[in-house]
2 protein chains.
Amino acid sequence: MSTGIEPGDRVGCTYAGKELEGFYITERDGKAVIKLDSGYNLGIDAKILTKLRTQAPRPHSAKKIEQDESLPQLSIVSTGGTIASKIDYRTGAVTSQFEADDILRAIPGLAKIGHFSAQVPATILSENMTPAIWRKLASTVCDEIKKGSRGVIVTHGTDTMAYSAAALSFMIETPVPIVFVGSQRSADRPSSDNVMNGLCSAAAAVSDLGEVSVVMHATTNDDYCAIHRGTRVRKMHTSRRDAFTTIGSDILGTVDYPSLDVKLSCSAARRKEEGTEPVLNDKLEEKVGILYFYPGMSPEVVEAFKGYRGLVVMGTGLGHTASGCIPALRSLVKDGTSVVMTSQCLNGRVCDRVYDTGRDLLNAGIIEGGDMLPEAAMVKLMWVLGNESDPDRVAELMRTNLRGELGRCTPNGL
Amino acid sequence: MSTGIEPGDRVGCTYAGKELEGFYITERDGKAVIKLDSGYNLGIDAKILTKLRTQAPRPHSAKKIEQDESLPQLSIVSTGGTIASKIDYRTGAVTSQFEADDILRAIPGLAKIGHFSAQVPATILSENMTPAIWRKLASTVCDEIKKGSRGVIVTHGTDTMAYSAAALSFMIETPVPIVFVGSQRSADRPSSDNVMNGLCSAAAAVSDLGEVSVVMHATTNDDYCAIHRGTRVRKMHTSRRDAFTTIGSDILGTVDYPSLDVKLSCSAARRKEEGTEPVLNDKLEEKVGILYFYPGMSPEVVEAFKGYRGLVVMGTGLGHTASGCIPALRSLVKDGTSVVMTSQCLNGRVCDRVYDTGRDLLNAGIIEGGDMLPEAAMVKLMWVLGNESDPDRVAELMRTNLRGELGRCTPNGL
């Protein structure tokens, strides 16, 4: 910077007729990037910035957090994401720069709930999640449970958290709670949800729950978090704190805030007897995709998945594509691709027996995905194909409820 | 049939321990298909069927419906779908076999609301909708308005109704209501929504509304229909009658049932002065697709859209893909594809300025889709590219609200 402004300095300017203040982050693509007090970043001409004051160096406490070893042993497994982010004035605000102890420092209340160990198998923005990182994550989580952890908190970016929670649901038979948590607003924003979500996730991690879940704000108030089943949850808003929604079943429970009282529904799996080992099955077939059908789709788009072992179609309504796409789907099935039909409606159940196109799709060999969410169906298909090569057996497993991903299947109209 | 059972005959059997009754439809793939009284079809071994009675020939009233010419002139434009379906005992239950007069016969109350003319530009299951049929539909609708229609009801299958409503929103500047209506349950089912939806759509068609809308059950009760803006509506359930939801704005209004009182919100466009001509612009670029991003997506899937003029990406969260997909997207943009980012969250607004991957996507030339629904964004992109070849101008139009498809755009964080 030629203007003498350094990362972290307080700056001000007039923009679109408004007086703005914030912290200088960096210069990028010819624009100064400042973090406004709203938490958003603004790219702006550096020349209009005025330095208000130099940022005092932040006290970087290297002091070890005191932990109470009489409390339950819990694990924090961090993969990055907003909840693990600090303001990084060098590279832009919300990258994931997390050292495991930081979360205990950022959310001191955690140390009253458990005695934590921490692992960092990945530090990514969650849109960069891959099946390979799921394997690493699953194995890290299992190791923590084997070492005696009574509950595991996985901090994760919200973008793909539902995919990852579904992946671990299939990959681990867990005796203890595995709780995914994230935050929709970074810690430096007044409306950040990191503290409440973090404390609620810890409360869920010491609860009687015994399955993979996502714990996030249930409302726009700071009143309680919902506990969602890992195979039934979806991010349904780009920015709201209550973005995560359970679809197709009831939530597993709630964590009241600030009391942290946990209520579990009768459908939530319960914690197994102490000492029960987790079972890890981390085989995933990576050649699996999602195809979103739309009017006018050329069959060539279907053909892009030639050679794939699995494909989840997000069809219209009860699970349809245009008749013109069915030959290409049939050809994929003939070549050995397992094709599973889900619906872009997201809610409700696929049923390909009502209308002609549906019956033609069944005749082409597609597998009805029932009421599985497309994302859960994709991850399940990866896992089933990782473990099974016979197409009939694959189809049977895709139609079988394994981890609460599939509701009770009512035979057609009965 | 060797068993002496004919289409339309009443049959019975014992299946899965239950006594079932229904009408014999046809034989298909070695199975007898019967329509159960629930309205669903069941494929079943013909040998277990018992004929209960021969179907009496239905009285096929060829009598012309009496219409009151003093009532407002309205049009029914049918494209097929469940609302237009009759039970067809020869080909399977729910195909679309519609003659225009049939809807007046099926819903006698319509004749008290308007004086109808009818057109049938297509008879398809709506998953087979194409841009070419949109052109035909738009021109039919415009012709009806030019001939003096004070409101047009478009009967349409529910699968792609939202896409088609968005398409006509862009293709026609309308002085009168253009109301899409469908039904989630066919007319022969006790829970059919065809009568209430049909009457409510007619009430909307004679109302003061002046834009393209979708009118469907708002709740699971038979109490009122919602009037949705054509560019803001989405089918959000595979089978429920209240499947259609407005996302990202308020509904345009309601039609109470059975009073048929219409209430319009202040944001709904109003009917133009009588005699105002509709403006048809039916140019659509067909080489436009939708790409649904998922973890582990290979850049090759992006490359399947090489040569496309437009691509709508359904990214994660605020509008992201994996970093590994960005070079392939950049390459599409360089080759002349206009790439618009939307979110698979469906709710909320895309903002690619907060996180690194978002900024990288912007640098690669993607266009932020704001809070446009992916389906509306795709149809808009078809229409914009049909009318405009300069990529900068295309980007500008995609970022401009044309038909209520895009909410007020708040500059980043201000």
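Only heavy atoms go into these numbers, but all of them, side chains included; no hydrogens, no water, no symmetry mates. By convention in this document, chain letters (A, B, ...) are assigned in the order of the sequence lines, proteins followed by strands, and residues within each chain are numbered from 1. The model shown is predicted, which means the values in this text are computed figures rather than measured ones.
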- Between A:I290 and B:Y292 the two heavy atoms that sit nearest each other are CG2-CD2, 3.7 Å
- Task: State the CG-NZ distance between A:L346 and B:K235, to the nearest 0.5 angstrom.
- Result: 12.5 Å
- Check whether B:F305 gets within reach of chain A through its side chain, its backbone, both or neither, counting any heavy atom under 4.5 Å. side chain
- Contacting moiety of B:F244, where chain A heavy atoms sit under 4.5 Å: neither
- Residue pair B:R234 / A:C345: nearest heavy atoms and the distance that separates them: NH1-CA, 4.3 Å
- Note on the structure: Sorted by chain and residue number, the side-chain hydrogen bond (donor to acceptor under 3.5 Å, both in side chains) partners of B:Y163 (sequence neighbours excluded) come out as A:Q344
- Item | Heavy-atom closest pair, residues B:Y294 and A:V288 | CE1-O, 3.6 Å
- Query: Between OG1 of A:T321 and CG of B:N128, what distance do you get to the nearest 0.5 Å?
  - Reply: 8.0 Å
- Would a distance-only check, ignoring hydrogens and angles, find a side-chain to backbone donor-acceptor pair under 3.5 Å from A:T238 to B:R349? yes
- Query: Measuring from B:H237:NE2 to A:S343:OG, what's the distance to the nearest 0.5 Å?
  - Reply: 9.5 Å
- Can you tell which of A:T160, A:V379, A:T357, A:T130 has the highest number of heavy-atom pairs within less than 4.5 Å of chain B? A:T357
- Task: Indicate yes or no: at least one non-hydrogen side-chain atom of A:V301 is less than 4.5 angstrom from one of B:Y308.
- Result: yes
- Going by heavy atoms in the side chains, are A:S126 and B:Y355 under 4.5 Å from each other? no
- Message: For B:P295 versus A:M378, what's the shortest heavy-atom pair and its separation?
- Response: O-CE, 4.1 Å
- Assess whether atom CD of A:E21 is packed by more than 12 heavy atoms of other residues, nucleotides or ligands within 6.0 Å. yes
